[in-house]
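Below you'll find the structure, written out as structure tokens, and then a few comments.
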2 protein chains.
Amino acid sequence: MKEGREVTIYDIAKSLHISPATVSRSLSNHHAISSRTRKKVLEAAHEMGYRSNSFARNLRMQKINVLGVIVPKINSHFISSVIAGMEEVASEYGYRIIISQSMESMQMEKERVYTMFNNRVGGLLVSVACDTTNMKHFKLFFDKKIPVVFFDRVFEGNGNLNVVIDNYRNAYDITRHLIGQGCKRILHIGGNQARAEYKERYRGYRDALLEAGLVCSDELLLINKLDEKAGIEAGEKILRMAERPDGVFAANDICAAHCLQTIKAAGYKVPEDICFAGFNNDPVAEMIEPHLTTVNYPCYEMGEIAMRSLINQLSGSRIINAAGSIILRSGIIVRASSLRRKSS
Amino acid sequence: MKEGREVTIYDIAKSLHISPATVSRSLSNHHAISSRTRKKVLEAAHEMGYRSNSFARNLRMQKINVLGVIVPKINSHFISSVIAGMEEVASEYGYRIIISQSMESMQMEKERVYTMFNNRVGGLLVSVACDTTNMKHFKLFFDKKIPVVFFDRVFEGNGNLNVVIDNYRNAYDITRHLIGQGCKRILHIGGNQARAEYKERYRGYRDALLEAGLVCSDELLLINKLDEKAGIEAGEKILRMAERPDGVFAANDICAAHCLQTIKAAGYKVPEDICFAGFNNDPVAEMIEPHLTTVNYPCYEMGEIAMRSLINQLSGSRIINAAGSIILRSGIIVRASSLRRKSS
DNA sequence: TTGTAGGCGTTATCAC
DNA sequence: GTGATAACGCCTACAA
């Protein structure tokens with residue numbers, strides 16, 4: 001076996017005194033080939049350490065088995081679980097995935113999309129950055145009819161498919177729950193309202209309040225980045241408020257948990273003084289004391305479904321309706337952080 | 001713009017009445033090209049929806065800009081952070097990463113390695129599965145001198161590079177800390193002892209005990225999968241013990257946290273009755289009450305370093321010593337779960 | 001500064 | 001059943 005250079009079908013052909021075409025056919029189980037020849041070739045290939053060159057093959061075949069995934073950041077419970085689900089399905093169908101992070105920046109997202117395009121991925125799975133305001137940069141894909149599936153953070157209406165949960169409904173339900181526990185003055189910590197998903201969570205919250213005749217004012221709305229730091233700052237802000245809320249619904253668990261911790265450290269009791277609710281069902285929700293009421297987000301399943309839909313569009317001969325939304329089942333999980341009464 | 005067929009540099013060349021070579025050079029920022037021509041080409045390329053064909057490019061260049069990452073499971077704080085670090089460095093250097101999971105199974109790991117090989121990744125980053133007992137399946141890569149960098153869970157001595165932390169030392173230090181807090185009977189929850197990393201943590205623990213003249217017996221050693229379920233079961237087991245330990249050192253935080261929770265739920269006080277320490281500095285460590293003493297594991301940094309080392313081997317003309325180990329700085333973080341005295 | 005031409009490793013289309 | 005040969009799209013000596 002030669003060091004350095006790769007073994008090609010020519011090398012095999014030469015050593016066997018046959019033509020490269022025959023080798024190629026043997027390797028790809030072509031029907032018009034004698035089984036004796038095929039056997040010889042297969043053995044020689046193994047012997048010589050041959051591996052097919054996927055670049056040459058793809059170049060020739062015009063076919064691609066790599067799919068792209070673009071996410072804001074990989075290192076969150078939510079995203080890493082989604083990706084785990086995607087990877088499992090992808091590898092089951094013989095696809096590879098390449099992953100990149102937009103770091104919550106639309107500018108970087110654009111670059112990533114372009115790179116994916118140039119890398120000729122067969123399809124794209126995307127959860128957009130926080131400040132992504134439009135989907136112009138996906139036009140490249142739409143124009144070429146390369147399927148794009150959005151998940152979690154999505155856009156409507158370019159013939160693409162979205163995999164989501166019902167943000168409005170879950171936010172509404174969890175706010176209703178807080179109201180049911182006797183909260184009269186509920187504060188919402190939300191994410192960037194330019195993102196429909198966070199807007200929907202806010203709307204669900206607001207509608208529940210209005211319906212119950214409770215106050216819903218700007219003072220009770222905090223918009224931030226929903227990370228650890230934001231949670232702590234939100235807590236400090238709440239502590240400084242003249243009229244303190246008796247309930248908090250945050251648009252994610254990390255933020256909720258750190259806010260809760262800050263409030264607790266100041267001597268207030270949860271849920272007696274303030275009820276808390278989050279979103280996502282992150283592992284921290286079950287660690288914090290008291291455990292955090294939250295919305296169960298089927299992350300792993302979302303990854304599986306999104307990937308399955310994408311592969312479907314790639315291999316399915318005729319898809320009737322690839323566009324639209326798949327809304328996954330989700331629901332609230334009631335834990336001690338919001339439980340004042342026995343029955344909810 | 002033609003539908004269906006891809007735009008090539010030939011199409012651009014034709015429409016601009018110049019040669020394909022000029023187009024190619026313009027596109028790759030070759031120096032010997034007039035900026036006027038380049039501009040024209042870039043515009044035309046954009047206009048016509050051109051994208052470079054990475055297959056043709058790779059075929060021609062014999063170079064690969066895709067690197068493979070194989071991990072047990074993506075969806076843990078530790079692994080997702082490592083990958084986030086890797087991706088950041090990779091994209092900085094123009095590399096893409098393809099990721100797959102071995103699901104903690106050596107059999108699947110073998111398959112993944114083979115797939116990566118056939119996909120002709122330029123290099124490999126691996127943290128091996130729990131039950132991986134040898135590195136025979138990486139021989140393909142070693143033979144072809146394709147660089148492989150192991151991280152966290154590693155193997156010694158095949159000319160490969162390892163990126164690790166000092167498991168022995170950290171385990172030793174944290175056990176010493178528990179002893180310093182007055183613990184006399186410390187239990188260790190460890191991972192699969194076939195894995196050197198978990199063995200090292202056990203050894204550090206044991207040596208600290210022996211040195212202090214404390215008891216170190218099989219009764220005080222629990223080996224399990226270190227996940228949530230294992231943590232709860234460990235807690236239940238401890239509660240059933242005749243001679244209960246007054247300190248627990250678990251080889252990861254998830255397990256430690258759930259064990260702690262189980263013990264606490266049974267009415268015992270932490271750290272007064274039992275001290276707790278974990279490993280990894282997972283987000284849950286700062287959420288649980290009391291906060292968990294742990295070992296800070298520089299995950300993101302590990303991803304960055306591992307990726308940087310790999311790219312180094314790929315591009316560096318002469319690497320003096322690519323083999324061996326890089327040991328990252330880590331250290332214990334003392335929190336309330338083990339703090340009985342004012343000074344540690 | 002730009003053009004010409006050959007080859008990277010496959011597979012498909014002809015012949016034989 | 002097998003062999004010759006022409007693409008696939010790109011890059012890069014070498015020429016001009």
Side-chain angles (χ1 to χ4, degrees), chain A residues 1-2 4-42 44-45 48-66 115 117-122 144, chain B residues 1-2 4-42 44-45 48-66 94 117-122 144:
Chain A
M1 183 178 115
K2 283 258 183 50
R5 223 175 63 60
E6 288 281 345
V7 179
T8 73
I9 54 171
Y10 284 90
D11 300 326
I12 300 177
K14 208 178 296 171
S15 92
L16 256 46
H17 304 293
I18 56 178
S19 81
T22 306
V23 175
S24 170
R25 283 192 272 254
S26 303
L27 255 23
S28 50
N29 279 323
H30 195 279
H31 60 276
I33 207 86
S34 82
S35 59
R36 212 168 59 79
T37 312
R38 174 181 299 136
K39 188 154 172 270
K40 258 197 334 200
V41 171
L42 258 39
M48 300 169 75
Y50 167 82
R51 56 173 174 171
S52 86
N53 186 325
S54 59
F55 302 127
R57 184 167 214 282
N58 284 329
L59 175 59
R60 185 57 230 245
M61 310 267 280
Q62 316 265 41
K63 235 191 98 191
I64 297 133
N65 66 345
V66 176
T115 304
F117 186 70
N118 275 334
N119 274 272
R120 285 180 136 66
V121 293
K144 282 240 189 318
Chain B
M1 184 178 112
K2 284 258 184 50
R5 221 177 64 60
E6 289 281 346
V7 180
T8 73
I9 54 171
Y10 286 90
D11 300 326
I12 300 178
K14 208 177 296 171
S15 92
L16 255 46
H17 304 294
I18 56 177
S19 81
T22 306
V23 176
S24 170
R25 283 193 269 255
S26 301
L27 255 22
S28 50
N29 279 323
H30 195 281
H31 59 278
I33 208 86
S34 81
S35 58
R36 213 167 59 79
T37 312
R38 175 181 299 136
K39 189 155 171 269
K40 259 199 332 204
V41 170
L42 257 40
M48 301 169 73
Y50 168 81
R51 54 173 175 172
S52 83
N53 187 324
S54 60
F55 303 129
R57 184 169 215 282
N58 284 328
L59 176 58
R60 174 60 228 249
M61 307 273 277
Q62 308 274 41
K63 234 192 98 190
I64 297 133
N65 63 348
V66 175
F117 185 70
N118 274 335
N119 273 272
R120 285 178 135 68
V121 294
K144 281 242 189 316

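Each chain gets a letter, A, B and so on, in the order the sequences are listed, and its residues count up from 1.
- Closest of all the heavy-atom pairs between Ala56(B) and Leu59(A) is CB-CD1, 3.8 Å.
- Computed from coordinates, the His31(A) NE2 to dT2(D) P distance equals 12 Å when rounded to whole Å.
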Sequence neighbours excluded and cut-off under 3.5 Å, please list the side-chain donor-acceptor pairs for residues 20-29 of chain A, or say none.
residue: Thr22(A); atom: OG1; partner: Ser19(A); partner atom: OG; Å: 3.1
residue: Ser26(A); atom: OG; partner: Thr22(A); partner atom: O; Å: 2.8
residue: Ser28(A); atom: OG; partner: Ser24(A); partner atom: O; Å: 2.9

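- Between the CG atom of Asn118(A) and the P atom of dC10(D) there is a distance of 10 Å, given to the nearest Å.
- Rounded to whole Å, atom C1' of dT2(D) lies 13 Å from atom CZ of Arg36(A).
- Regarding Ile18(A), its CD1 atom lies at a distance of 17 Å from the C1' atom of dC16(C), rounded to whole Å.
- In this structure, NE2 of His30(A) is placed 9 Å from P of dT13(C), rounded to the nearest angstrom.
- One atom, CD1 of Ile12(A), and another, C1' of dT10(C), lie 12 Å apart when rounded to the nearest Å.
- Remark: Ala21(B), Ser24(B), Arg25(B) in residues 19-28 of chain B come within less than 4.0 Å of DNA chain D through at least one heavy atom.
- Applying the salt bridge (Lys or Arg N to Asp or Glu O under 4.0 Å) criterion to Arg120(A), with sequence neighbours excluded, gives Glu6(B).
- Asn58(B) is linked by a side-chain contact (heavy atoms from CB on, under 4.5 Å) to Phe55(A), Ser54(B), Asn65(B), counting only residues two or more places apart in sequence or in another chain.
- By the ring-ring contact (aromatic ring centres under 6.0 Å, His included) test, Tyr50(B) pairs with no residue at all, sequence neighbours left out.
- Within the structure, every pair that satisfies the salt bridge (charged side-chain N to carboxylate O under 4.0 Å, His left out) test and touches residues 11-20 of chain B, not counting sequence neighbours, is listed here: Arg5(B)-Asp11(B).
- For Thr37(A), the side chain to side chain donor-acceptor pair (under 3.5 Å) partners at least two apart in sequence or on another chain are Ser34(A).
- Across every non-hydrogen atom of Met48(A) and Val7(A), the tightest pair is O-CG2, 3.1 Å.
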Sort me out a list of protein N/O and nucleotides 6-9 of chain D N/O pairs below 3.5 Å, or just none if empty.
residue: dA7(D); atom: N3; partner: Arg60(A); partner atom: NH1; Å: 3.3
residue: dG9(D); atom: N2; partner: Ala56(B); partner atom: O; Å: 3.3

